[in-house]
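Working notes for the structure below.
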Amino acid sequence: MTQKGIHSVTKLPTKVFADQWDKIFVPDETKTRLLCQGVLEFTLRGVVSPTSVPLHGIILLAGPPGTGKTSLARGLANRIAESLKGPSFRFVEVEPHALASASLGRSQQSVRDLLQKTVAELAIGGPLIVLLDEVETLAPDRRRLSLEANPVDVHRATDAVLASVDLLAAQHPELLFIATTNFHEAVDDAFLSRADHVE
């Protein structure tokens with residue numbers, strides 16, 4: 001796919017991701033927790049009122065670089081698709097660094113277009129899992145950013161991410177974001193508060 005900000009689109013299940021799930025070394029209870037949360041997202045959202053059970057469709061994997069978060073995310077997406085037999089799942093990997101721009105307002109617009117147009121259109125086609133790798137580049141903690149050192153555009157881009165995930169959560173119950181971060185403290189608190197599960 002040539003859409004700016006999209007690294008790849010993969011149909012699930014796929015053996016490559018199944019192998020990553022099998023080979024990644026994390027405790028079995030961690031895999032069980034993540035899989036249960038992922039299945040819950042697709043079975044409960046859209047059935048119960050978001051006021052009763054406020055699920056935003058976000059799972060966050062946090063940890064040091066090189067610990068296998070991306071492989072775990074791919075494997076988790078694959079296991080969710082295998083567990084919920086039915087419509088074909090798709091997995092989208094976002095390339096966050098492609099969205100940054102030096103022009104004022106462009107990062108915000110790129111983020112909004114990616115999430116509210118591209119991802120929303122893909123979500124209409126059936127169950128969708130989106131990997132937001134290095135989510136701190138998309139939703140950096142605004143309290144830690146200096147308006148003098150960092151352009152207002154970065155702040156607005158974080159606002160665009162938050163508004164977009166809220167809109168998508170309300171409109172697309174068969175959409176799940178799996179976000180990863182190497183720096184949990186660098187992610188905006190408002191994004192963290194929207195995560196249904198942090199591992």
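Everything numeric here is computed off the predicted structure, so don't read it as measured data.
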Residues which pass salt bridge (Lys or Arg N to Asp or Glu O under 4.0 Å) with Arg79, listed by chain and number, not counting sequence neighbours: Glu82

Just so I know, are the side chains of Thr14 and Arg74 near enough to count as touching, which here means a heavy-atom distance under 4.5 Å? no

How many angstroms lie between atom CG of Leu84 and atom CD of Glu41, to the nearest 0.5 angstrom? 11.5 Å

Qualifying ring-ring contact (aromatic ring centres under 6.0 Å, His included) pairs, either residue in residues 14-48, two or more places apart: Phe17-Phe91, Phe42-Phe89

Are the side chain of Thr67 and the backbone of Pro64 linked by a donor-acceptor contact shorter than 3.5 Å? yes

Could you state whether Ile80 and Val16 fall into the same hydrophobic cluster, counting links through intermediate Ile, Leu, Val, Met, Phe, Trp or Tyr residues with side-chain heavy atoms under 4.5 angstrom apart? yes

Working note: His184 + Asp141, criterion side chain to side chain contact (heavy atoms under 4.5 Å, CB included); need CA distance, chi angles, decisive distance, verdict. CA-CA 10 Å; His184 184 270; Asp141 186 351; over 6 Å; no

Point-to-point distance, once rounded to the nearest 0.5 Å, from OG1 of Thr70 to CG of Leu61: 8.5 Å

Report whether Val94 and Val9 are members of the same hydrophobic cluster (ILVMFWY, side-chain heavy atoms less than 4.5 Å apart, transitive linking). yes

For Asp22, what residues pass the salt bridge (Lys or Arg N to Asp or Glu O under 4.0 Å) criterion, not counting sequence neighbours? none

Would you please test Lys31 and Ile24 for side chain to side chain contact (heavy atoms under 4.5 Å, CB included) and show each step? CA-CA 10 Å; Lys31 287 184 177 180; Ile24 190 78; 3.7 Å; yes

Show me, pair by pair, the donor-acceptor contacts under 3.5 angstrom made by side chains of residues 167-181, not counting sequence neighbours?
from: Thr180; atom 1: OG1; to: Asp133; atom 2: OD1; distance (Å): 2.3
from: Thr180; atom 1: OG1; to: Glu134; atom 2: N; distance (Å): 3.1
from: Thr181; atom 1: OG1; to: Glu136; atom 2: OE1; distance (Å): 2.5
from: Thr181; atom 1: OG1; to: Phe183; atom 2: N; distance (Å): 3.0
from: Thr181; atom 1: OG1; to: Phe183; atom 2: O; distance (Å): 3.2

Could you tell me whether the side chain of Arg142 reaches within less than 4.5 Å of the side chain of Leu162, counting heavy atoms only? yes

Can a donor-acceptor pair be found, under 3.5 Å and without considering hydrogens, that links the side chain of Arg90 to the backbone of Leu122? yes

Under the side chain to side chain contact (heavy atoms under 4.5 Å, CB included) rule, what do Glu93 and Ile6 come out as? Steps first, then yes or no, please. CA-CA 6 Å; Glu93 289 195 40; Ile6 296 289; over 6 Å; no

Side-chain heavy atoms of Val119 within contact of Leu128, under 4.5 Å: yes

Could you tell me which residues satisfy salt bridge (Lys or Arg N to Asp or Glu O under 4.0 Å) with Lys11, sequence neighbours excluded, listed by chain and number? none

Is there a side-chain contact between Thr158 and Pro140, using heavy atoms and a 4.5 Å cut-off? yes

Check whether Leu132 and Leu114 end up in the same hydrophobic cluster, where Ile, Leu, Val, Met, Phe, Trp and Tyr are linked by side-chain heavy atoms less than 4.5 Å apart. yes

If you define the side chain from C-beta out and look only at heavy atoms, does anything of Ile129 sit under 4.5 Å from Val92? no

Search all heavy atoms of Ser88 against all heavy atoms of Pro127 and return the closest pair with its distance. O-CD, 3.8 Å

Set of salt bridge (Lys or Arg N to Asp or Glu O under 4.0 Å) partners for Glu185, sequence neighbours left out: none

Within this structure, what is the CZ-CD distance for the pair Arg156 and Gln109, rounded to the nearest 0.5 Å? 12.0 Å

Which pairs, with at least one residue in residues 58-88 and sequence neighbours excluded, count as a ring-ring contact (aromatic ring centres under 6.0 Å, His included)? none

Which other residues end up in the same hydrophobic cluster as Ile124, if Ile, Leu, Val, Met, Phe, Trp and Tyr are linked when side-chain heavy atoms come under 4.5 Å apart? none

Does a side chain donor of either Lys69 or Asn182 reach within less than 3.5 Å of an acceptor in the other side chain? yes

Do any pairs count as a ring-ring contact (aromatic ring centres under 6.0 Å, His included) and have a residue in residues 112-140, sequence neighbours left out, and if so which ones? none

Does a side-chain heavy-atom distance below 4.5 Å link Leu60 with Val135? yes

Check the hydrophobic clustering (I, L, V, M, F, W, Y; side-chain heavy atoms under 4.5 Å; chains of links allowed) and say if Leu40 and Leu35 are grouped together. no

Pairs in or reaching into residues 44-55: which pass side-chain hydrogen bond (donor to acceptor under 3.5 Å, both in side chains), with residues at least two apart or in two chains? Ser49-Thr51

Heavy-atom pair of closest approach, residues Asn78 and Pro13: OD1-CA, 3.0 Å

same_hphob_cluster(Leu76, Leu44) at 4.5 Å side-chain heavy-atom cutoff: no

Please name the pair of heavy atoms, one in Ser164 and one in Ala160, separated by the smallest distance, quoted to 0.1 Å. OG-O, 2.7 Å

Under the salt bridge (charged side-chain N to carboxylate O under 4.0 Å, His left out) rule, what do Arg143 and Asp188 come out as? Steps first, then yes or no, please. CA-CA 8 Å; Arg143 293 170 312 160; Asp188 195 85; over 6 Å; no

Could you pull out every donor-acceptor pair under 3.5 Å between side chains of residues 192-199 and any protein atom, sequence neighbours left out?
from: Ser193; atom 1: OG; to: Ala190; atom 2: O; distance (Å): 2.8
from: Arg194; atom 1: NE; to: Asp166; atom 2: OD1; distance (Å): 2.8
from: Arg194; atom 1: NE; to: Asp166; atom 2: OD2; distance (Å): 3.4
from: Arg194; atom 1: NH1; to: Ala190; atom 2: O; distance (Å): 2.8
from: Arg194; atom 1: NH2; to: Asp166; atom 2: OD2; distance (Å): 2.9
from: Asp196; atom 1: OD1; to: His56; atom 2: N; distance (Å): 2.9
from: Asp196; atom 1: OD2; to: His56; atom 2: N; distance (Å): 3.1
from: Asp196; atom 1: OD2; to: Gly57; atom 2: N; distance (Å): 2.7
from: Asp196; atom 1: OD2; to: Ile58; atom 2: N; distance (Å): 3.3
from: His197; atom 1: NE2; to: Glu199; atom 2: OE1; distance (Å): 2.8
from: Glu199; atom 1: OE1; to: Arg33; atom 2: NE; distance (Å): 3.1
from: Glu199; atom 1: OE2; to: Arg33; atom 2: NH2; distance (Å): 2.6

Report the residues that fulfil side chain to side chain contact (heavy atoms under 4.5 Å, CB included) with Pro27, sequence neighbours left out, ordered by chain and then residue number. Glu29, Thr30

